[in-house]
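First up is the structure itself, then whatever we jot down about it.
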Amino acid sequence: MSLTLLNVIVAVVIAIAFAAANAAYLVWAERRGAARIQRRPGPNINGPFGLLQPPLDGIKLMTKQLMIPGGADKILFMVAPVLAMAPAIMSFVTIPFSQGIAAHNMEIGVLMIFAFASMGAMATLFAGWGSRNKYAVMASVRAVSQNVSYEIPMLITAITVVMATGSMDLKTISLAQAGGFWHWNIFPSLHSPLMPISFIIFFICSLAETNRAPFDLGEAESELVAGFHTEYGSMGFGLFFMGEYANIVVGASLTTILFLGGWDCPFGIFPGVWWFLLKIYILIATFIWIRWTFPRTTIYGLLNLSWKILIPISLFNLLLTAGLLKVF
Amino acid sequence: MSAPIQLRPDETFILNVGPQHPATHGVLRVKMEMDGEYIVKSETVLGYIHRMHEKMGENRTYAQYLPNLSRLDYLGALGYTHGHVLAIERAAGIEVPERAEYIRAITVELNRVASHLFWFGAFVMDLGGFSPLMYAIQDREHILDMLEAVTGARLTYCYYRFGGLYNDVDDDFIEAARRFIPRMRKSLKKYAALVTGNIIFQKRLEGIAPVSAEMCRKYGATGPVARGSGINFDVRKNEPYSVYPEFDFDIPVYHECDSMARYKVRMDEMEQSLRIIEQGLEKLPAGPIMAEKKPKNIKLPVGDFYQAVETARGSFGIRIVSDGDKNAYRLKLRSPTYSNMHLFDEACEGMLIMDALAFMGSLDLVIPEMDR
Amino acid sequence: MGGYFSEIFYGSKSLLIGMGITFREFFKPTVTVQYPYQTIKMSAKFRGHTELIADEEGKPKCGVCGLCERACPSSCITLGSISVDIEVDGKVKKKKVLSKYELDFTKCSLCGQCVENCSFGALEFSKEYNLASTRKEDFHFNLLKRLEERNA
Ligand code: SF4
Ligand code: SF4
């Protein structure tokens with residue numbers, strides 16, 4: 001019993017460390033990447049290639065005073081940043097990085113990650129409502145309606161994958177795709193010929209779920225100042241920021257496991273954690289690339305995309321897969 | 001413990017956009033009465049950056065007023081100084097050498113391109129795309145370098161003088177301008193593919209914020225805003241001044257009246273400006289750059305003088321009432337964005353805030369220019 | 001229905017085109033100047049603050065006519081003069097000599113009126129642009145002193 005407890009604690013600590021390190025260095029990568037796209041060097045003063053920038057930023061944020069605006073709901077205001085970060089860390093616990101590296105494998109891993117992911121919307125809502133700022137309230141209402149409408153197609157596509165592999169266990173799903181890239185779920189199979197489209201839908205939804213551009217309506221810095229975290233400074237802001245990046249890592253990991261074969265090697269040799277990391281970082285690079293290319297969508301454009309395009313197509317795909325599974 | 005946000009009896013609330021807000025690009029305050037994300041009523045409040053430029057014009061000599069004009073619209077300053085010197089020259093009867101007028105036209109058009117480029121970048125940034133701003137600034141930087149090499153300044157030029165120019169352009173400038181034109185054309189293609197063709201961008205602009213020609217007339221809107229609403233009016237063509245009649249260029253007009261039309265007018269205008277620059281460099285005559293007969297201290301005859309020019313934002317007018325003294329009795333500046341901005345209150349009623357702010361971007365407001 | 005699918009198709013295509021453009025930009029060299037570490041040479045006509053021009057003996061060319069002071073739209077020039085006796089062809093004459101030339105650069109609009117109006121050709125623009133300070137007084141330039149410093 002105590003051994004399991006120890007296991008869990010170690011796993012959580014590793015998950016926090018992984019999430020924090022990723023968040024810090026993804027900010028750096030994002031800034032460098034964005035700079036390259038815009039033909040600037042980006043942060044390059046502190047340390048080689050500016051690699052000391054994230055810890056210094058962290059120190060700066062931590063030494064700032066945490067201000068609570070007058071009239072704000074103190075409890076919600078304080079809880080929100082934690083709530084933004086915690087679910088992301090919890091999700092790491094169940095993600096299998098490779099055959100042997102998984103903190104705690106669960107039968108219903110997919111479900112658990114989705115459950116945690118939907119808590120992110122709550123953080124946004126609390127932050128917006130708690131700070132008593134009109135911009136923040138508007139932004140959080142937007143973010144919630146966005147999260148709700150994007151969780152549906154995301155879940156439907158996930159169900160399609162679960163049906164095709166017959167398991168909700170992330171490890172089993174990964175293993176089912178082992179043995180070369182043609183086994184991956186992203187490619188059409190006999191049972192679900194529309195898998196590439198599912199992948200795109202899932203990818204779009206994970207962009208929207210993590211409030212990333214072009215779906216960053218919750219932040220919308222040119223309209224709503226800074227969106228739901230307008231009133232946050234110091235580490236409150238820092239936690240939101242880290243939570244965002246941690247969520248990106250979770251989203252990329254989930255996409256990798258569901259569609260890109262997890263830790264499987266494309267050519268069937270040396271499967272291992274490095275393939276998994278390579279895949280998620282390629283996905284994250286695409287996230288960054290997209291963010292610095294497109295303008296932001298409107299709220300109704302976003303809902304239209306979800307309800308008129310993504311949901312019908314994913315539903316159709318679900319029915320098709322179900323039908324084909326029955327037939328063959 | 002926590003106080004809820006105050007709602008008015010009809011469940012609307014007041015949102016103060018500005019004076020410090022990322023979308024207003026300056027110290028403009030828009031007081032919006034909101035119903036959720038919808039704007040019920042809006043009221044623009046000016047006065048945060050009022051510097052009494054008109055009053056200054058009445059207290060300074062005409063020559064001393066030169067630097068003021070470039071502090072109105074800091075993005076397209078040359079157009080404004082051009083209007084000022086033209087007004088004084090016409091009133092005082094100063095003959096300007098041809099070379100000087102050509103150089104004025106070339107630099108004004110370069111400045112117009114620079115101004116539109118910056119607007120383009122800032123507008124796309126209003127819509128959430130950041131990279132186009134950087135690309136636009138890269139191109140604009142070439143123009144600023146060129147202008148710096150002749151005028152000595154990068155933003156607030158004081159280059160034109162009554163009767164001519166401060167100094168002549170050299171071959172390097174002409175060479176640089178020649179090289180710039182094809183590069184800019186290439187960039188315009190890039191912008192068309194990256195931004196104009198983008199589906200998200202189109203969805204955000206097409207059919208949004210219609211401004212009818214009727215409304216433009218009512219508020220006196222000019223420039224790209226009016227031309228996006230189907231009004232074919234450009235001072236350069238309708239009331240030709242300087243050497244513009246000698247150039248062959250078109251006035252882009254769109255009839256859709258939406259934000260996209262205003263956007264397209266400006267994008268097309270850049271191409272037309274490039275054409276003018278090209279022809280200007282081709283035709284640039286040799287000769288002096290300063291009028292030979294020019295009074296040292298300029299005094300205008302008694303009378304009322306007006307000169308309109310087409311700047312990057314619309315038609316700018318300067319009216320000088322002179323009592324024969326060495327400074328104006330009354331000086332009035334008609335700045336285009338001041339009129340354009342007043343459209344906003346009426347047109348944005350019932351709009352979503354994000355569309356309204358995109359609409360505001362498409363009006364191309366430069367706050368120090370309307371709040372002078 | 002056809003419109004629905006064609007919109008999805010052309011929309012996705014436009015997105016891919018945009019991503020292609022940013023992808024190409026990613027591999028192009030950077031264009032920025034790393035300012036404090038790198039500086040660029042200012043163009044010959046760049047207008048910094050004004051400086052006095054010295055004659056062959058290192059004295060300012062200025063004849064203290066006061067034209068610049070009067071022409072300046074921002075009244076940022078303050079002149080001072082003393083008269084000294086100088087010998088010309090054996091006769092002693094009084095001559096005004098510049099004793100103070102103060103430029104309040106906080107107000108200067110770099111318009112160039114002073115340079116243009118000077119009939120002695122005694123003023124020029126410097127090429128200095130690295131001007132930054134937290135104190136206003138640092139921009140009250142004593143041009144005479146600056147000239148001496150340059151001579152030394
Ligand atoms: S440049 Fe203009 S403002 Fe500056 S000192 Fe000379 S006259 Fe005055
Ligand atoms: S105008 Fe020239 S000569 Fe006259 S006071 Fe000024 S600097 Fe001296």
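What you see is a predicted model; the values in this text were computed from it and never measured.
Taken to the nearest 0.5 Å, the CD1 atom of C/I21 stands 12.0 Å off from the CD1 atom of A/I37.
At a 4.5 Å heavy-atom cutoff, A/I200 makes no contact with chain C through either its backbone or its side chain.
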So which N and O atoms of chain C and chain A form donor-acceptor pairs under 3.5 Å?
from: C/Y4; atom 1: OH; to: A/K308; atom 2: O; distance (Å): 2.4
from: C/M19; atom 1: O; to: A/W289; atom 2: NE1; distance (Å): 3.1
from: C/T22; atom 1: OG1; to: A/W289; atom 2: NE1; distance (Å): 3.1
from: C/T22; atom 1: OG1; to: A/T293; atom 2: OG1; distance (Å): 2.8
from: C/F26; atom 1: O; to: A/R36; atom 2: NE; distance (Å): 3.4
from: C/F26; atom 1: O; to: A/R36; atom 2: NH2; distance (Å): 3.2
from: C/K28; atom 1: O; to: A/R36; atom 2: NH2; distance (Å): 2.8
from: C/P29; atom 1: O; to: A/R39; atom 2: NE; distance (Å): 3.1
from: C/P29; atom 1: O; to: A/R39; atom 2: NH2; distance (Å): 3.2
from: C/V31; atom 1: N; to: A/R39; atom 2: O; distance (Å): 3.1
from: C/Q34; atom 1: OE1; to: A/N44; atom 2: ND2; distance (Å): 3.3

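Listed in order of number, the residues of residues 101-111 of chain C that approach chain A to under 4.5 Å between heavy atoms amount to none.
The environment of CZ in A/F316 is sparse: at most 12 heavy-atom neighbours from other residues, nucleotides or ligands sit within 6.0 Å.
Across A/P214, A/P41, A/G33, the residue that shares the most heavy-atom pairs under 4.5 angstrom with chain C is A/P41.
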